[in-house]
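Only this structure's heavy atoms are used, side chains among them; waters, hydrogens and symmetry mates stay out.
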Amino acid sequence: MRSVTYSMSCSLDGYIVGPDGGFNWTAPDKEVFRFWIDEIRQVGVHLLGRRLYETMLYWESPEQEASFDEAEQEWAALWNPLPKVVFSTTLSEVQGHARLASGSVAEEIERLRAEPGKGDIAIGGATLAAAAAAAGLIDEYQVMVYPVLVGGGTPLFPREERRVDLELVETRAVGSGVVYLRHRVKR
């Protein structure tokens, strides 16, 4: 069965977006960017909320692509053909290899797990991941922790009283003081 992974970058104090709505502190250096290129190769389909989908459209813009360096071209070549499922109540259409979700995150994950396919089912975005986590659907948490305290904003994890036991699978320093943590949910 395909694993469901929640991969995000966050500040040391646990936020994916700061109180001002910004996340420029997550701009990856070359080593971190290379890490994400290698990681996306393991993904078979990516589930995204509207905000993350709109942010990632940058990689699908031919105007931008002309200015990409070699690593950025490699990322775009992997990202663009990757199937994506976008969860939004405000969008009426999406572009590229994306489709709007027709059901809840639980229904979409169930459907994707039943279909033949290779690679993980990746989830990006705190709100979407919180819904999947509440339904017990996340198998792994992959977090890139940046050496910054932002003091508030959108938390990586919702502030709910729900215990989930995890097993540390991998940890490594990547780039300029960034630490990658990978945990598997104990079942």
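Using a cut-off of 4.0 Å between Lys/Arg side-chain N and Asp/Glu carboxylate O, R172 and E170 are scored as salt-bridged. Here E140 pairs with R184 in a salt bridge; the nearest charged N to carboxylate O distance falls below 4.0 Å. Looking at D139 and R2, no side-chain N of the basic residue comes within less than 4.0 Å of a carboxylate O on the acidic one, giving no salt bridge. In summary, R99 and E108 engage in a salt bridge, as defined by a charged side-chain N under 4.0 Å from a carboxylate O. By the 4.0 Å N-to-carboxylate-O rule, E60 lies close enough to K84 to be salt-bridged with it. Using a cut-off of 4.0 Å between Lys/Arg side-chain N and Asp/Glu carboxylate O, R50 and E54 are scored as salt-bridged. A salt bridge links E74 with R41: the closest approach of a Lys/Arg side-chain nitrogen to an acidic carboxylate oxygen falls below 4.0 angstrom.
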Item checked: Stepwise ring-ring contact (aromatic ring centres under 6.0 Å, His included) check, Y141 with F157 -> CA-CA 11 Å; Y141 291 89; F157 301 109; 5.6 Å; yes
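Taking the six-membered ring where the residue is Trp, F33 and W75 present tilted rings, their angle falling between 30° and 60°. Ring planes of Y58 and F68: tilted class, angle from 30 to 60°.
Between Y6 and Q142 the shortest side-chain heavy-atom distance does not fall below 4.5 Å. At least one side-chain heavy atom of V105 sits under 4.5 Å from a side-chain heavy atom of L128. Counting heavy atoms from C-beta on, the side chains of L137 and I123 never come closer than 4.5 Å. Side-chain contact between V85 and L48 is absent, with no heavy atoms from C-beta onward closer than 4.5 Å. In this structure the side chain of L91 reaches within 4.5 angstrom of the side chain of L100, judged on heavy atoms. Side-chain contact between V179 and V174 is absent, with no heavy-atom pair separated by less than 4.5 Å. Using a 4.5 Å heavy-atom cutoff, the side chains of F23 and T55 are in contact. Taking the side chain as every heavy atom from C-beta outward, V4 and D120 never approach each other to under 4.5 Å.
The 12-atom threshold is exceeded at CD of E115, counting heavy atoms of other residues, nucleotides or ligands nearer than 6.0 Å.
Nearest approach of C10 to V143, heavy atoms of both residues: SG-CG1, 3.5 Å.
Note that NE2 of H46 and CD1 of I40 are 5.0 Å apart. Values are rounded to the nearest 0.5 Å. Atom CG of L12 is separated from atom CH2 of W25 by 10.0 Å, given to the nearest 0.5 angstrom. Remark: Y146 OH to S176 OG distance equals 9.0 Å, nearest 0.5 Å. Atoms CD1 and CG, on I16 and L156 in that order, are 6.5 Å from each other to the nearest 0.5 Å.
In terms of modelled atom types and a separation under 3.5 Å, the side chain of E72 and the main chain of D69 share a donor-acceptor contact. Remark: side-chain polar atoms of D20 are paired, donor with acceptor, to backbone N or O of G22 under 3.5 angstrom. No donor-acceptor distance shorter than 3.5 angstrom exists from the side chain of D13 to the backbone of L149, with no hydrogens or angles considered. Side-chain atoms of H183 do not come within 3.5 Å of backbone N or O of L166 as any donor-acceptor pair. Judged purely by atom type and a 3.5 angstrom limit, E107 uses its side chain to pair as donor or acceptor with the backbone of S104. Without hydrogens or angle criteria, S88 side chain to T90 main chain gives a donor-acceptor distance under 3.5 Å.
V169 and M8 are assigned to two separate hydrophobic clusters, defined by single-linkage of ILVMFWY side chains at heavy-atom distances under 4.5 Å.
By the side-chain hydrogen bond (donor to acceptor under 3.5 Å, both in side chains) test, D165 is found to be paired with R163, residues two or more places apart in sequence or in another chain being considered.
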